[in-house]
Amino acid sequence: MKTLNVGYLPIIDHLILGMTKEKGLQKSELNIVKKFGWNEIGEAMKSGEIDIAFMLAPYAMDMYYSEKNIKLLLLSHRDGSIVVANKAANISSLSDFKGKTVLIPFQASMHHVLLHKRLQEEGISVGIGKDVTTEVVAPGQIPMMIEYDPDGFIAGYIVAEPFGTMVVNNGLGNVMSLSKEITADHPCCAVVVRDSLIKENPDVIQEFISALVDAGKSVYANVESTIKTAVDFLGQPEAVVSAILKDPNRRVSMDKLMPKAEEFTYIQNYLMDTVSTPALSGKINVDEFLDLSFATAAGAQ
């Protein structure tokens, strides 16, 4: 039986990995490697500690630009992030972000695109010397940053759940916007696999991708069961996970996981041409970066 070393972060966006591990596979055993920041995921892929990563799609594009030894096979979710205002900063509208810092989880991220897009729509410039500056903070550290900012120097942040709802439930933040309200059905994290693993074990990878697609389709079929899996796999509080997965607005979706080339073209153009300082090393051939054969065989939508 093949061992698949898979890296992930304890965020709702990576829940289908936990659901797949819980159900089990016939052709492989999953060695799950938990990381706490996006740099850790990237370094684990580069060092060979893991061969599969649930990671930010734009970050994967940047890795492909320099390494060209990986392929993006599947999205792990759509939507799922949240913009939260720091209560201590007395934010009542986006214009109150001016003159302050907003936290993002990574420069090469959909979060960066979404925040920049939303603030630009309000006529608020983003970048060094602009109306709003951004600071990169690992997702799991953001709640602590807000807790230890009683003077409100940080205006707020955009991040994957549960690190938005966690701060709101603790009374330290207010929801400004769900990411799906900025751009509906946006991609964010994806399943990235090393080329050598794909070439040597295509049947194993196909089973894994098919299992992820099936897991995504079943997330809301039995919400109570999904919540239990999320609590166990992610190690996050049940009250927070329940609030996210039971939200009638369906903050995150996992049933449409087919990557779309045009979405990645838009993302790289935005991060290279629109933000004040390019957030990617360079542009890639998106069609060569994506391998949609496994998602297609799995019946991904």
Side-chain angles (χ1 to χ4, degrees), residues 1-9 13-35 38 40-78 187-219 229 233 253-265 267-268 284-301:
M1 180 174 284
K2 179 68 177 176
T3 297
L4 298 180
N5 299 307
V6 188
Y8 80 106
L9 264 60
D13 298 349
H14 299 175
L15 176 56
I16 58 172
L17 176 60
M19 297 173 70
T20 298
K21 179 174 174 58
E22 184 175 74
K23 188 173 181 180
L25 298 167
Q26 296 296 316
K27 298 180 179 181
S28 63
E29 180 179 2
L30 299 181
N31 175 37
I32 305 298
V33 181
K34 183 188 288 187
K35 299 294 183 180
W38 295 116
E40 291 182 40
I41 288 284
E43 290 305 314
M45 276 296 277
K46 292 175 183 177
S47 70
E49 179 186 358
I50 59 176
D51 297 302
I52 302 174
F54 278 61
M55 66 186 300
L56 297 167
Y59 186 19
M61 295 167 74
D62 208 44
M63 285 184 59
Y64 180 81
Y65 178 82
S66 58
E67 305 282 338
K68 288 192 171 58
N69 63 350
I70 57 174
K71 290 289 189 295
L72 189 151
L73 304 190
L74 190 73
L75 300 181
S76 69
H77 69 104
R78 287 184 180 275
C188 185
C189 291
V191 183
V192 178
V193 185
R194 198 179 306 281
D195 280 345
S196 58
L197 183 61
I198 297 172
K199 293 174 183 176
E200 294 167 10
N201 301 275
D203 57 330
V204 171
I205 297 303
Q206 184 61 68
E207 182 193 37
F208 178 58
I209 295 300
S210 294
L212 293 174
V213 170
D214 289 344
K217 292 176 180 177
S218 68
V219 166
T229 300
F233 179 65
S253 65
M254 301 180 193
D255 57 344
K256 302 176 192 174
L257 302 182
M258 178 63 77
K260 298 179 181 179
E262 61 269 25
E263 293 177 323
F264 292 97
T265 298
I267 290 169
Q268 76 167 353
I284 64 169
N285 184 320
V286 170
D287 290 326
E288 293 179 357
F289 171 59
L290 303 177
D291 182 344
L292 305 184
S293 62
F294 295 94
T296 299
Q301 298 178 350

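These numbers come from a predicted model, not from an experiment. Residue numbers count from 1 along this sequence.
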*asked:* Looking at E207 and K2, is any side-chain nitrogen of the basic one under 4.0 Å from a carboxylate oxygen of the acidic one?
replied: no
*Side chains of I52 and V191: closer than 4.5 Å at any heavy-atom pair?*
yes
_Donor-acceptor check, side chain of H77 to backbone of C189, threshold 3.5 angstrom: yes or no?_
yes
*Does the side chain of L197 come within less than 4.5 Å of L4's, by heavy atoms?*
yes
*asked:* For a side-chain contact (heavy atoms from CB on, under 4.5 Å) check, start with the C-alpha distance between E43 and S47, then their side-chain angles and the critical distance, and finish with the verdict.
replied: CA-CA 6 Å; E43 290 305 314; S47 70; 5.8 Å; no
_Taking CD in E262 as the centre, count heavy atoms belonging to other residues, nucleotides or ligands within less than 6.0 Å. Is the count above 12?_
yes
*Rounded to the nearest 0.5 Å, what separation is found between the NZ atom of K260 and the OG1 atom of T265?*
13.0 Å
*NZ (K217) with more than 12 external heavy atoms under 6.0 Å*: yes
*Side chains of S76 and L212: does their closest heavy-atom pair fall under 4.5 Å?*
no
*Kindly state each residue pair satisfying salt bridge (charged side-chain N to carboxylate O under 4.0 Å, His left out) with at least one member in residues 56-75, sequence neighbours excluded.*
K71-D195
*For D255 and Q301, run side-chain contact (heavy atoms from CB on, under 4.5 Å): C-alpha distance rounded to whole Å, both residues' side-chain angles, the deciding distance at 0.1 Å, then the answer.*
CA-CA 7 Å; D255 57 344; Q301 298 178 350; 5.5 Å; no
_Quick check for you: to the nearest 0.5 Å, what is the distance between L75 atom CG and F264 atom CZ?_
5.0 Å
_What I'd like to find out is whether the side chain of I267 reaches to under 4.5 Å of the side chain of P187, using heavy atoms alone._
yes
*Which atom of V204 lies closest to which atom of S28, heavy atoms considered*: CG1-CB, 3.7 Å
_Min side-chain heavy-atom separation E49-N5 under 4.5 Å_ = no
*If you look at every heavy atom in C188 and P58, which pair is closest and at what distance?*
O-CD, 4.0 Å
*Would you list the pairs meeting ring-ring contact (aromatic ring centres under 6.0 Å, His included) in which at least one residue belongs to residues 42-63, sequence neighbours left out?*
H14-F54, Y59-F106
*Check whether any side-chain heavy atom of V193 sits under 4.5 Å from a side-chain heavy atom of F294, and report yes or no.*
no
*What is the minimum heavy-atom distance between G7 and I41, and which atoms define it?*
C-CD1, 3.7 Å
*Validation row, ring centre F233 to ring centre Y8 under 6.0 Å*: yes
*Measure the spacing between CD1 of I70 and CG of D291 and express it to the nearest 0.5 Å.*
12.5 Å
_Straight-line distance of L257 CG to L73 CG, nearest 0.5 Å_ = 12.0 Å
*What closest approach, in Å, do K35 and A44 show between heavy atoms, and which atom pair accounts for it?*
CE-CB, 3.9 Å
_M19 vs M254 side-chain heavy atoms within contact, under 4.5 Å_ = no
*Which heavy atom in P259 sits nearest to a heavy atom in L290, and how many Å separate them?*
CB-CD2, 4.3 Å
*Can you find a pair of side-chain heavy atoms, one from M63 and one from K46, that are under 4.5 Å apart?*
yes
*asked:* If you compare all heavy atoms of A53 against all heavy atoms of M45, which two are closest, and at what distance to 0.1 Å?
replied: CB-CG, 3.6 Å
*When rounded to the nearest 0.5 angstrom, what is the spacing between CG in D203 and CG in N201?*
6.5 Å
*When rounded to the nearest 0.5 angstrom, what is the spacing between CD in Q268 and OH in Y64?*
11.0 Å
